[in-house]
Amino acid sequence: MTKSYLVETFGCQMNVHESEKISGSLSNLGYIPVQRREDADIIVFNTCCIRDTAEKKIYGNIGDLKNYKKLKKDLIVAIVGCMSQQAGAIETLKSQFPFIDIILGTTNAHLVGEKVNEIINSRDKRKLKYYENVEPNNDIAENDVTLRTSYPNGWVNIMYGCNNHCTYCIVPYVRGPEKSRAPQLIMDETQNLLKDGYKEITFLGQNVNSYSSEGWNFAKLLDTVAKLPYRFRLRFLTSHPRDLSDEILDVIAKNEKICKSIHLPVQAGSDDVLAKMNRHYTRNYYLSLVEKIREKLPTCVLTTDVMVGFPGETDENFEETINLIQRVKFSNAFTFVYSPRTGTVASRMVQISPQVKKDRITRLISVQNEIVKDISQTSLNKTYEVLVEGVNQKGLLYGRAENGRLITFPGDTNLVGEFIDVKIDKCRVSSLGGHIENRDA
Ligand code: 5AD
Ligand code: SF4
């Protein structure tokens, strides 16, 4: 009988796309995707370890799987990705959750289909186990089969890993050094997606601005792809402020297909903290960059990641972060409480108290929410071109404007994958509501 599988994704956008590759490795071998744990013969968790909260949540979820395993004794449980890639993680997972059948890291996550096959075809399914998180290296597995689940959005990795070593961040340890994919491979993948009717391409990488391969830099890659003769939008994630060059900004300005929307993690607003974080820029540098972006790209929407409670952050340092947030007025900010990650430099610094962290995050969130509310109000009665992505639980269509804002509105499901003009009539903190305008125009 055909076996079914479920891949659950924890963490970032990069992981959403990696789960598409993991699903591809299973579908390619004839396994069938399902939506619920109770229907699955194989459950794969694609994990994240960037913050303590992410990891705790995954541990809780792995614990829950024990019950499913009791109900279905041949259930295969696979834990793959960032969390299993950490030093010592295999031993911890094995001892806490002996029912796990497969553990793979980031570099070899795509092998999950093969390993599942071996277990299913083995004589004693419950004895065969695979635990291996190979060191992240410079190899890029290029012949992955991808089961795309995000139509009309096509995710394309342009690089893997990171060379930055921000002192709080575990990514370089679990994903290894930066490695860029060959431009031709990126072009081919993008062109195939566009031929298949995908309408939004998002280039993915930890630090896309430092893309470099075969003499191509990120500006050249963006410029070349933006000239492909299809109707589509081009986005990219994530930018490091230090590497966002004038050349890149000029390419964004002159290409209509490149979205005027940049995610530019600031992390902190004080020079002291930025230096301890090893971010390689100052508060003034960041603020001047924002000014330059707004000059060159007047309609550009800026979003950010920002953290409170980094070791040694004083009240004064924190106020500088609040002040920066109030000055820049980001359209959206992902706000985090710093949590120490084993092996990172900052985890060995003197930590600040949980109560102080809690007070600071509460204040930061409330300041940012006010800003978002004000920005949302300015959208009222405006019309945006929305790429329709799907139907939500309330039966409304949802999609994004070029600026990245989520917009919901009533309409026919066959509009998924279309560009539609929507006039905003409701403002909420995380999304806008509207109605279709000039449908036939
Ligand atoms: N603690 C809290 N937040 C973190 N981030 C990265 N590492 C940590 C950590 N140890 C945040 C950063 C990054 C985002 C993806 O996660 O803000 O930009
Ligand atoms: Fe982590 Fe810094 Fe690299 Fe981003 S740029 S992945 S925060 S080390």
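Atoms considered below: every heavy atom in the structure, side chains included; atoms not considered: hydrogens, waters and symmetry mates. We count ligands from 1, going down the list as the structure has it; atoms in each ligand are counted the same way.
- Results of the side-chain hydrogen bond (donor to acceptor under 3.5 Å, both in side chains) test with H263 over D305, T238, N332, T304 single out D305 as the only residue that passes.
- Atom 8 (C) of ligand 1 has I50 O, 3.7 Å as its closest protein atom, hydrogens excluded (heavy atom only).
- Interface of F336 with ligand 1, defined as ligand atoms under 4.0 Å from a residue heavy atom, comprises 3 (N), 11 (C), 14 (C), 16 (O), 17 (O).
- Of the polar atoms of R51, at least one N or O is found under 3.5 Å from an N or O of ligand 1, judged by distance alone.
- Using a 4.0 Å cut-off between charged side-chain N and carboxylate O, E55 and R341 make a salt bridge.
- Interface of Y168 with ligand 2, defined as ligand atoms under 4.0 Å from a residue heavy atom, comprises 7 (S).
- Atoms of ligand 1 found under 4.0 Å from any heavy atom of R341 (numbered from 1 in listed order, with element): 10 (N).
- Under 4.0 Å is where a charged nitrogen must lie from a carboxylate oxygen, and between E247 and K254 no such pair does.
- Counting protein heavy atoms only, atom 7 (N) of ligand 1 is closest to Y168 CD1, 3.3 Å.
- Residue-environment remark: CZ (R294) exceeds the threshold of 12 foreign heavy atoms within 6.0 Å.
- For the pair R175 and ligand 2, no heavy-atom separation below 4.0 Å is found.
- Among all non-hydrogen protein atoms, the one lying nearest atom 14 (C) of ligand 1 is D305 OD2, 3.4 Å.
- No more than 12 heavy atoms of other residues, nucleotides or ligands shown are found within 6.0 angstrom of CD on E316.
- Note on R36 versus D39: salt bridge recorded, some NZ/NE/NH1/NH2 to OD/OE distance being below 4.0 Å.
- Checking R400, R405, R231 one by one against E385, the salt bridge (charged side-chain N to carboxylate O under 4.0 Å, His left out) holds for a single residue, R231.
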Show your reasoning for whether side-chain hydrogen bond (donor to acceptor under 3.5 Å, both in side chains) applies to K21 and N46.
CA-CA 11 Å; K21 296 183 190 174; N46 185 16; over 6 Å; no

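- Closest to atom 10 (N) of ligand 1 by heavy atom, among S339, P340, C12, is S339.
- Not a single heavy atom of D52 sits under 4.0 Å from any atom of ligand 1.
- The proximity of M14 to ligand 2, defined as any non-hydrogen pair under 4.0 Å, does not occur for either the backbone or the side chain.
- Aromatic ring pairs are classed by plane angle as parallel below 30°, tilted from 30° to 60° and perpendicular above 60°; the pair F99 and F97 is perpendicular.
- Less than 4.0 angstrom separates some heavy atom of H165 from each of these atoms of ligand 2: 8 (S).
- The backbone of V337, and not its side chain, has at least one atom closer than 4.0 Å to an atom of ligand 1 (non-hydrogen atoms only; backbone = N, CA, C, O).
- For ligand 2, the atoms sitting less than 4.0 Å from at least one non-hydrogen atom of C162 are 3 (Fe), 5 (S), 6 (S), 8 (S), numbered in the order shown with element in parentheses.
- Counting protein heavy atoms only, atom 1 (Fe) of ligand 2 is closest to C169 SG, 2.3 Å.
- In this structure, atom 4 (Fe) of ligand 2 lies nearest to the protein heavy atom Q206 O, 4.5 Å.
- Scanning the protein for heavy atoms near atom 5 (S) of ligand 2, the closest one is N164 ND2, 3.3 Å.
- Ion pairing between D101 and K69 holds under the 4.0 Å rule for side-chain N and carboxylate O.
- Using a 4.0 Å cut-off between charged nitrogen and carboxylate oxygen, K276 and E313 do not count as a salt-bridge pair.
- In this structure, atom 8 (S) of ligand 2 lies nearest to the protein heavy atom C166 N, 3.5 Å.
- Among all protein heavy atoms, the one lying closest to atom 17 (O) of ligand 1 is Q267 OE1, 2.6 Å.
- Side chain of K296 to backbone of D246: no donor-acceptor contact under 3.5 angstrom is found.
- Close approach of ligand 2 to P172 (heavy-atom distance below 4.0 Å) involves ligand atoms 8 (S).
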